[in-house]
Amino acid sequence: MKIMLVNFLKVVNSAGGAERVFCNMSNEFVGRGYEVYAVCCDWEIGKPFYELDRRVNFINLDGNGTEKKFAKYLKIERELLRLFKKISNDNPYDNVKNQYWSIKLQSVINDIKPNIIIAYDLQSVCILKNILKINIPTISMFHSNAHMIIEKYGSKKELKALNKVDCIQVLLKSDKLIAEKYIDTNVVQIPNVIPQFSNYVDLHNKDTHKIIFIGRLDKKQKRPHLLIEAFIKIEKDFPDWILELWGGCSDKEYYNYLQNLIVKYKMNKKIKICGVANNVKKILFNGDIFAFPSAYEGFGLSLGEAMSAGLPCIGFRDCAAVNELIIDNVTGILCDNHVDGLAAGLEKLMNNKELRSKLGLAAKEEMKKYTAEKIWNEWENLISKTVNG
């Protein structure tokens, strides 16, 4: 069987959760004997950040800067529309760009003749179903929560495309309920794989204790500034604790804001911005608490990994995904969505070594439901059912 994964999100040299799933899924199914084609449309030349099995056929439809040329066109087009006051919801940039990529994608599909296509984002779904009108069995994946995809960003053309796919895969129970309100297509819940660690984080006998954050340094979603502000509120009572922030940042203004915040409160020795997390396991196993101050999540892979390592975790109780992975006061702490709430939750954990150990052990047990074998078997079953109609 030929499986084609189509991902029009950033892939090359990008260390996000969706990119990791893209590579892991490719590797898993090529390892199970399938012929796998991982197709992206990235202006950057190179390979994915996460390693791909050499047997996976990696195809970049761009890789020569075409995307940047379209961005230049978009800027000019928008200014003309503003000038003549004719801005509409149907962005002409998207229309032109999608038409261009549809020609290149159609050519690849004609050559490969896949048995099934798994689309990773709304743009690829729209191209496949609205423009190319592909009749090949297709599964659409939701990597963010359904509220963000459908209620906030979904337009009529995107909902039309989603109604044409054979199946939509979502990550959480809450996503399934939301998707089924708007879409008539079959909706299936399959969560992400969470790595299973054989040993536990040692939360005892340390001279220095660490609060760890792993994720994009992103102002609107991940919000590490809230964690910095919360830590500053309580750090005087915990002289042997430090905060480490791991992750890339594409927003220079926001990165500078975080650095200036650290300098302003003279926290250079206690708060570190450490860059991209190339060895997640090592980082987690050197930590004592994992803090995840996101406003929303699709699933929260780094949170799941931290819990699997046996770290006590803290996040906001109104954050989708976080409030489904963490069971409050059982596998972690859910706090109110503001700096004071996060500071109080951190203080509770930092003051109580036994509580940290108890929550960490329970979290590790809870993550066993997300083993690779279980999740990929569910995917293989879904693919087989979809191909067989």
Side-chain angles (χ1 to χ4, degrees), residues 3-9 16-19 21-22 25 39 41 88-91 94-95 97-99 101-102 105-106 109 114-193 221 295-301 318-325 375-376 378-389:
I3 301 174
M4 178 185 283
L5 313 181
V6 181
N7 186 356
F8 276 25
L9 301 171
E19 297 91 318
V21 174
F22 181 68
M25 179 177 278
V39 180
C41 183
S88 67
N89 291 327
D90 289 326
N91 191 325
D94 283 337
N95 291 336
K97 184 176 70 171
N98 287 346
Q99 291 290 342
W101 295 133
S102 69
L105 183 58
Q106 179 71 76
I109 291 171
N115 300 98
I116 188 167
I117 297 174
I118 302 175
Y120 270 65
D121 61 293
L122 285 180
Q123 185 183 359
S124 61
V125 174
C126 286
I127 290 174
L128 287 165
K129 293 301 180 181
N130 288 347
I131 299 176
L132 297 179
K133 297 178 170 54
I134 294 294
N135 290 322
I136 297 167
T138 305
I139 299 173
S140 174
M141 298 178 73
F142 278 18
H143 291 282
S144 185
N145 65 71
H147 168 73
M148 297 299 295
I149 292 174
I150 297 175
E151 296 182 348
K152 190 167 183 179
Y153 296 120
S155 66
K156 289 183 179 179
K157 66 178 180 180
E158 287 157 343
L159 291 176
K160 178 182 176 183
L162 288 171
N163 273 301
K164 293 178 182 178
V165 300
D166 298 85
C167 179
I168 294 171
Q169 173 264 339
V170 298
L171 294 166
L172 303 168
K173 292 177 182 178
S174 57
D175 292 329
K176 191 173 189 296
L177 294 173
I178 293 171
E180 288 175 339
K181 282 171 55 180
Y182 294 90
I183 302 166
D184 294 329
T185 302
N186 182 37
V187 181
V188 176
Q189 184 214 350
I190 302 179
N192 282 329
V193 172
Q221 182 188 359
Y296 59 90
E297 284 289 335
F299 185 75
L301 273 175
D318 62 355
C319 177
V322 171
N323 58 20
E324 291 191 41
L325 282 178
I375 301 304
W376 294 129
E378 289 183 30
W379 262 107
E380 189 169 32
N381 185 46
L382 177 60
I383 288 170
S384 177
K385 285 183 177 180
T386 305
V387 169
N388 293 323

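The structure places CG of Leu172 at 8.5 Å from CG of Asn323, a figure rounded to the nearest 0.5 Å. Residue Gln123 holds its CD atom at 10.0 Å from CG of Asn7, rounded to the nearest 0.5 Å. The structure places OG of Ser124 at 10.5 Å from CG of Leu5, a figure rounded to the nearest 0.5 Å. Here the CD1-CH2 distance, from Ile3 to Trp379, works out to 10.0 Å after rounding to the nearest 0.5 Å. To the nearest 0.5 angstrom, Glu378 atom CD is 8.0 Å from Gln189 atom CD. The CG atom of Leu132 lies 5.0 Å from the OG atom of Ser102; values are rounded to the nearest 0.5 Å.
Contact record, Leu325 with Gly300: CD1-O, 3.7 Å, taken as the closest heavy-atom pair. Taking every heavy atom of both residues into account, Ala146 and Ala179 meet most closely at CB-N, 4.4 Å. Across all non-hydrogen atoms, the minimal contact from Tyr182 to Asn163 is O-ND2, 4.3 Å.
Lys129 places a side-chain N or O within 3.5 Å of a backbone atom of Ile134 that can act as its donor or acceptor partner. Looking only at distances, no side-chain donor or acceptor of Gln169 sits under 3.5 Å from a matching main-chain atom of Ile139. Side chain of Glu297 to backbone of Asn145: no donor-acceptor contact under 3.5 angstrom is found. A distance-only check finds a donor-acceptor pair linking the side chain of Asp166 to the backbone of Thr138 [under 3.5 Å]. A donor-acceptor pair is defined here as one N or O able to donate and one able to accept, closer than 3.5 Å; no such pair exists between the side chain of Asn186 and the backbone of Cys167.
Around atom CG of Asn388, more than 12 heavy atoms belonging to other residues, nucleotides or ligands sit under 6.0 Å away.
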Under the criterion side chain to side chain contact (heavy atoms under 4.5 Å, CB included), I'd like the reasoning laid out for Ile149 against Leu122: C-alpha separation, chi angles, the key distance, then a yes or no. CA-CA 8 Å; Ile149 292 174; Leu122 285 180; 3.8 Å; yes
Residues Leu9, Phe22; criterion side chain to side chain contact (heavy atoms under 4.5 Å, CB included); working and verdict: CA-CA 10 Å; Leu9 301 171; Phe22 181 68; over 6 Å; no
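In this structure, the side chains of Ile375 and Asn192 stay at 4.5 Å or more apart for every pair of heavy atoms. Side chains of Leu162 and Thr185 form no contact here, defined as non-hydrogen atoms less than 4.5 Å apart. In this structure, Lys164 and Asn130 have side chains that are in contact, with non-hydrogen atoms separated by less than 4.5 Å. Tyr296 has its side chain out of reach of His147: every pair of non-hydrogen atoms, C-beta onward, lies at least 4.5 Å apart. You'll find the side chain of Leu128 reaches within 4.5 Å of the side chain of Leu105, heavy atoms only. Between Phe8 and Ile127, the closest side-chain pair of non-hydrogen atoms falls below 4.5 Å. Taking 4.5 Å as the limit, some side-chain heavy atom of Met141 sits within range of a side-chain heavy atom of Met25. Contact check for Ile109 versus Pro114: side-chain heavy atoms found under the 4.5 Å cut-off.
Evaluated for a side-chain contact (heavy atoms from CB on, under 4.5 Å) with Phe142, the options Leu171, Ile150, Asp121 yield exactly one hit, Ile150.
Aromatic ring pairs are classed by plane angle as parallel below 30°, tilted from 30° to 60° and perpendicular above 60°; the pair His143 and Tyr120 is parallel.
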